[in-house]
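Before any comments, here is the structure.
Remember, it's a predicted structure, so these values are computed and weren't measured experimentally. Read the numbers this way: they start at 1 and go in the same order the structure lists the ligands and their atoms.
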Amino acid sequence: MEALLPSFFFTLSSLSIFLLLPPVVSPFTVIMSDSSDPSALVDAPQNGLPSGKAPIRTDPMEQAAIYDVMRATGNGWATEIPDVCGGRWHGIECMPDKDGIHHVVSLSFGALSDDTAFPTCEPVRSYISGSVTKLPHLRTLFFYRCFTSNPQPIPAFLGRLGPSLRTLVLRENGHVGPIPAELGNLTQLRVLDLHKNQLNGSIPDSLDQIAGLRSLDLSNNRLNGPIPRLSLPLLNVMDLNQNLLTGPIPDSLGSCPSLIKLDISRNRLNGPIPDSVGSLADLMLMDLSYNRLNGPLPGSISNLGALQAFVLKGNPMGPERVMPDRGLDGLKSLMVLVLSGMNLHGPIPESLARLPSLRVLHLDSNSLTGPIPWAFKSLKNLSELRLNDNRLAGPVPFERETLWRMKRKLRLYNNSGLCFLSSSGIEEDWTADFGAGIGACDSVGSVPEGTVQHVSESENGDGHEKRNVPSSSSSSSGATILKLLLSLGLVEFTALLLLLNSVLL
Ligand SMILES: *[C@@H]1O[C@H](CO)[C@@H](O)[C@H](O)[C@H]1NC(C)=O
Ligand SMILES: *[C@@H]1O[C@H](CO)[C@@H](O)[C@H](O)[C@H]1NC(C)=O
Ligand SMILES: *[C@@H]1O[C@H](CO)[C@@H](O)[C@H](O)[C@H]1NC(C)=O
Ligand SMILES: *[C@@H]1O[C@H](CO)[C@@H](O)[C@H](O)[C@H]1NC(C)=O
C-alpha cells in the first residue's frame with residue numbers, strides 16, 4: 001500500500017496542475033470525494049494491489065462496463081485482464097466497499113505527460129461507450145485528445161453518470177455540436193472542463209444546477225449566445241475565453257462570490273462591466289480583453305483588493321472617459337494592468353502611480369496625450385512599461401537606474417513629443433532600445449519643477465551589461481511576465497497558475 005502512494009499522489013498533482021486549479025481547492029477534494037461522501041466505499045483508491053492477502057474482486061457489472069469502454073477507445077487489450085481493478089494500468093482507480101468488492105472511481109484516457117501515461121485512444125474509431133453510465137461510483141472521467149480524428153458530439157447520456165461524479169474532463173477531443181443540457185444533471189460535479197473542442201450552440205442554463213461547481217472551463221470553442229445567469233457560490237474559476245459569446249456580461253457574476261479567475265476574453269461581449277463585479281472579493285485575475293465592452297469602468301472596481309492582473313486590452317472603450325472617478329485606487333494587489341488598444345484619450349491618469357504593487361503596465365496603442373506623469377518615478381517595482389504608439393509629449397521622468405531595470409521592457413517609441421533630460425544621465429544609454437527617435441529635451445524650460453537632480457553615478461556594478469535591440473516583432477510578453485514574476489519571487493503558486501492561461505497575450 002505504502003509503495004503505491006507516491007505514484008498515485010504524483011498522478012493527482014500533475015492532473016491538478018494541468019487543470020489550472022488553484023491550490024485553495026486541494027486536488028484531493030476535487031478529484032476524490034471527501035469523507036463526507038455518503039458512498040459506501042472505504043479506504044483510499046488503489047491501483048490494483050490487494051490491500052490484504054485476499055485477491056481483488058471487481059464488481060462484475062463494472063468489470064463488463066470497463067471492457068466496453070476500453071474496447072470503444074481501441075484498448076481491447078484490457079479485456080484480457082481478468083480483474084480490471086487488479087489491472088494496474090495508469091488511468092483506472094478503484095476503491096473497495098466494506099465487503100471488499102472493488103468499484104471503479106476514476107477512469108482517464110490520453111497522453112497527458114510523460115509522467116501520466118493514461119491509455120491513449122485509437123485515433124480514427126474511438127468513441128465514448130454508453131457503458132460509462134454503468135459505473136455508479138465513478139468520481140472522475142477524463143478524456144484528453146481522444147476523438148480528434150472522429151469528431152463527435154458530447155453524448156447526452158453523460159448526464160446520467162453516477163451521483164458521485166466530481167470531475168468531468170473532455171479536453172481537446174474535437175467534440176462538435178452543443179453542450180448537452182443534461183450535463184446540468186451532474187449536480188455533484190466540481191470540475192467541468194470542455195476546453196478546446198469545436199462545441200457550438202449556447203451555454204446551457206442547466207449548468208446553474210451544479211451548485212458545488214468549482215471550476216468551469218469552456219474555453220476555445222465556438223459557443224455563441226449570451227453568458228447564462230449562473231449563481232454558483234463555490235465557483236473559483238470561470239474560463240470562457242475564445243468563443244463567440246455575445247450580449248452583456250451578466251450581473252449575476254456577483255452571485256459567484258468565490259471567483260478567483262474570470263477569463264471571458266476573446267468573445268463578442270458588449271455593454272458595460274456590471275457593478276456587481278466589485279463584489280468579487282477573492283478575484284485575482286480578470287481578463288476581459290478583446291471584446292466590445294463599453295466604458296466607463298464601474299466605480300466598484302476599486303473594491304477588488306485581491307486583484308493581481310486586470311486585462312482589458314482590445315476593448316475600444318474610448319474616447320470618452322473610461323477610468324472611474326476614484327481611478328483604480330483600492331487595487332492594492334494589482335501587479336499587471338493591460339489597457340492597450342482601447343482608444344483611450346487624454347492624459348495618463350496620475351492615479352496609476354498610486355498602485356503600490358504595479359509591475360507591468362501596458363497603455364500602448366491608444367491616443368494618450370500629455371506627459372508621462374512625474375509620479376511614475378515612484379513606481380519602484382515597475383518592471384515593464386509600454387507607452388508606445390500614443391501621442392505623449394514632454395520629458396521622460398526616468399533615470400538610468402530605471403532604464404537598466406526595465407531594459408527592453410520599456411517601450412516609448414512612436415510618441416509625438418517625448419524627450420529625455422540631460423540631467424537624468426540617460427543620454428548615453430539612450431538608444432533605439434527605449435524609443436527610437438526620442439531626443440534630448442531642447443530647453444530646461446520643459447523640465448517640471450523640483451526634478452532637476454543629478455543622478456549618482458556610483459552604481460557601476462553591472463551598469464554596462466549588453467542590451468539587445470528589441471525585435472520589432474512581438475516579443476512574447478506573456479513569457480516575459482511570467483519569468484519576471486518568477487524571478488522576483490513575488491507571486492505565489494496560485495497567481496502563476498492563474499496567469500499562465502491568460503497573460504500570454
Ligand atoms: C436531465 O436533464 C435534462 C435537461 O436538462 C432533463 O430534461 C432530464 O429530465 C434530466 N434527466 C434526469 C434523469 O434527471
Ligand atoms: C453547430 O455546427 C454544426 C456544423 O458543425 C451545424 O450543423 C449546427 O447548425 C451548428 N449549431 C449551432 C447551434 O450553431
Ligand atoms: C515593491 O514590492 C515589494 C514586494 O512586494 C513591496 O514590499 C514594496 O512595498 C513595493 N514597493 C513599492 C515602492 O511599492
Ligand atoms: C503610431 O501610433 C499611432 C497611435 O497613436 C498609430 O495609429 C500609428 O499607426 C503608429 N505609427 C506607426 C508607424 O506604428
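Any N or O atom pair closer than 3.5 Å counts here, and Asn185 shares at least one such pair with ligand 1.
At least one heavy atom of Asn366 sits less than 4.0 Å from an atom of ligand 4.
Using a 4.0 Å cut-off between a side-chain N of Lys or Arg and a carboxylate O of Asp or Glu, Asp217 and Arg171 qualify as a salt bridge. Ion pair Arg229/Asp208 not flagged as a salt bridge, since none of the NZ, NE, NH1 or NH2 atoms sits closer than 4.0 Å to an Asp/Glu carboxylate oxygen. Ion pairing between a basic and an acidic side chain is recognised when a charged N comes within 4.0 Å of a carboxylate O; Arg326 and Asp329 show no such pairing.
Taking a distance limit of 4.0 Å, we find that atom 9 (O) of ligand 4 is approached by no protein heavy atom. Within a 4.0 Å radius of atom 5 (O) of ligand 4, the protein has at least one heavy atom.
A donor-acceptor pair under 3.5 Å links the side-chain atoms of Asn366 to the main chain of Leu339, judged by distance alone. Side chain of Asn75 to main chain of Cys121: no donor-acceptor pair is present (N/O by atom type, distance under 3.5 Å, no hydrogens or angles). No donor-acceptor pair under 3.5 Å is formed between the side chain of Gln242 and the backbone N or O of Asn221.
Near Asn390, meaning under 4.0 Å from one of its heavy atoms, ligand 4 places the atoms 5 (O). Against a heavy-atom cut-off of under 4.0 Å, Asp389 is close to the following atoms of ligand 4: 1 (C), 2 (O), 4 (C), 5 (O), 10 (C), 14 (O). Contact atoms of ligand 1 toward Ala181: 5 (O) (distance under 4.0 Å to a heavy atom of the residue).
Here the shortest heavy-atom distance to atom 13 (C) of ligand 2, taken over Pro178, Pro153, Gly201, belongs to Gly201. Among Asn415, Asn343, Asn414, the residue whose heavy atom sits closest to atom 3 (C) of ligand 4 is Asn414.
Asn200 ND2, 2.2 Å is the protein heavy atom nearest to atom 2 (O) of ligand 2.
The environment of CZ in Arg391 is sparse: at most 12 heavy-atom neighbours from other residues, nucleotides or ligands sit within 6.0 Å.
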